[in-house]
Amino acid sequence: MAPGLLDLVNLTTWAVCAVIKLPQLVAVLKAGSAWGLSVGSLLLELAGFLVFLRYQIYYGYPLETYLEYPIIIAQDVILLFCIMHFSGKTKRALFYAVVFWVVWYMLTLQKWIIDLAMNLCTFVSAASKLVQLQHLWQTKDSGQVSALTWGMSAYTCATRIITTVMTTNDLAVLIRFIIMLILNIWVTATILHYSKTKKTD
């Protein structure tokens, strides 16, 4: 039963992650605006994803436990470019790309660097959610922020808690997913609250 459950959880996670940022991208492109989205939040999220992917590869964890990360990273890069485009800061995207590329390389120069980065990764990823929450609280407007995208993120964190327990049992990874699950649910609830408030006004 466990291998069947593991396969099902992995498949549903990959399916969700294949389209996880599409609702957000569609909302931004349709509106021609990135109002409500925090660039800082997206940059922190991207940094957290890159560190996590590099950690998984470095330790040779099963591909099935992190296959979605290259897909999510690609979607985040496209979303970041759209945000930069609509805010008139497209040239800055090249700077961010160079910084992320250098960090990707430096992460595995020494074992202690990747281990430290993974431990900090949880804080960076949590900060990305908290920055988005702060932005929502300040503007009191969900703008183009997609509750569906954040809800799907919560689902994938829940599934990755299951796969982590069933495969690697890596405590740092498990703690990361539990914290991200809680924060993704919080962001989703906040988006829904402000979009409901906006409709009643």
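One is the number of the first residue; the rest follow in order along the sequence.
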- Task: Assign the ring pair Tyr69 / Phe52 to parallel, tilted or perpendicular, where the plane angle (0 to 90°) is split at 30° and 60°.
- Result: tilted

Hphob cluster co-occupancy, [X] + [Y], side-chain heavy atoms under 4.5 angstrom:
{"X": "Leu94", "Y": "Phe81", "answer": "no"}
{"X": "Val26", "Y": "Ile191", "answer": "no"}
{"X": "Trp101", "Y": "Ile72", "answer": "no"}
{"X": "Val131", "Y": "Leu133", "answer": "no"}
{"X": "Leu11", "Y": "Ile71", "answer": "no"}

Could you tell me whether the side chain of [Y] reaches within less than 4.5 Å of the side chain of [X], counting heavy atoms only?
{"X": "Tyr61", "Y": "Asp170", "answer": "yes"}
{"X": "Ser125", "Y": "Leu44", "answer": "no"}
{"X": "Val39", "Y": "Met84", "answer": "yes"}
{"X": "Thr108", "Y": "Arg54", "answer": "yes"}
{"X": "Ser33", "Y": "Val28", "answer": "no"}
{"X": "Ile78", "Y": "Leu25", "answer": "yes"}
{"X": "Thr139", "Y": "Trp35", "answer": "yes"}

Are there over 12 heavy-atom neighbours, none belonging to [X], within less than 6.0 Å of that residue's [atom1]?
{"X": "Trp137", "atom1": "CH2", "result": "yes"}
{"X": "Phe123", "atom1": "CZ", "result": "no"}
{"X": "Trp104", "atom1": "CH2", "result": "yes"}

- Query: Quick one: salt bridge (Lys or Arg N to Asp or Glu O under 4.0 Å) pairs with a partner in residues 108-132, sequence neighbours left out?
  - Reply: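 Pairs touching residues 108-132 that pass the test: Glu45-Lys129, Lys111-Asp115.
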
Backbone of [Y] reached by a side-chain donor or acceptor of [X] within 3.5 Å:
{"X": "Ser41", "Y": "Ser128", "value": "yes"}
{"X": "Gln132", "Y": "Gly36", "value": "yes"}
{"X": "Gln75", "Y": "Lys21", "value": "yes"}

Might you point out which heavy atoms bring [X] and [Y] nearest each other, and give the distance in Å?
{"X": "Glu64", "Y": "Arg160", "value": "O-NH2, 2.9 Å"}
{"X": "Gln24", "Y": "Thr149", "value": "N-OG1, 3.3 Å"}
{"X": "Pro23", "Y": "Leu148", "value": "CG-CD2, 3.6 Å"}
{"X": "Val124", "Y": "Gly48", "value": "CG1-N, 4.1 Å"}
{"X": "Ala117", "Y": "Val51", "value": "O-CG1, 3.4 Å"}
{"X": "Ser146", "Y": "Trp150", "value": "O-CD1, 3.1 Å"}

- Message: Is there a side chain to side chain contact (heavy atoms under 4.5 Å, CB included) between Leu29 and Cys82? Walk through the geometry before answering.
- Response: CA-CA 8 Å; Leu29 293 172; Cys82 288; 3.9 Å; yes

- Item | Output field: ring centroids Tyr55/Tyr59 closer than 6.0 Å | yes

Mind checking the [atom1]-[atom2] spacing from [X] to [Y]? Nearest 0.5 Å is all I need.
{"X": "Thr159", "Y": "Tyr155", "atom1": "OG1", "atom2": "OH", "answer": "5.5 Å"}
{"X": "Leu130", "Y": "Trp186", "atom1": "CG", "atom2": "CH2", "answer": "6.5 Å"}
{"X": "Lys89", "Y": "Leu80", "atom1": "NZ", "atom2": "CG", "answer": "11.5 Å"}
{"X": "Leu46", "Y": "Ile73", "atom1": "CG", "atom2": "CD1", "answer": "6.5 Å"}
{"X": "Asn10", "Y": "Thr65", "atom1": "CG", "atom2": "OG1", "answer": "7.5 Å"}
{"X": "Leu107", "Y": "Ile114", "atom1": "CG", "atom2": "CD1", "answer": "4.5 Å"}

- Message: Name the residue from Ile20, Leu22, Thr188, Asn184 that meets the side chain to side chain contact (heavy atoms under 4.5 Å, CB included) definition with Met152.
- Response: Ile20

- After noting the C-alpha distance and the side-chain angles of Arg176 and Thr164, does the key distance pass the side chain to side chain contact (heavy atoms under 4.5 Å, CB included) rule? CA-CA 11 Å; Arg176 179 184 188 278; Thr164 301; over 6 Å; no

- Could you give me the CA-CA distance, side-chain angles and deciding distance for Ile161 and Leu174, then say whether side chain to side chain contact (heavy atoms under 4.5 Å, CB included) is met? CA-CA 6 Å; Ile161 290 169; Leu174 190 60; 3.8 Å; yes

- Evaluate the side chain to side chain contact (heavy atoms under 4.5 Å, CB included) criterion for residues Thr163 and Thr13: first the C-alpha distance (whole Å), next the side-chain angles of each, then the deciding distance (0.1 Å), finally the verdict. CA-CA 10 Å; Thr163 60; Thr13 301; 5.6 Å; no

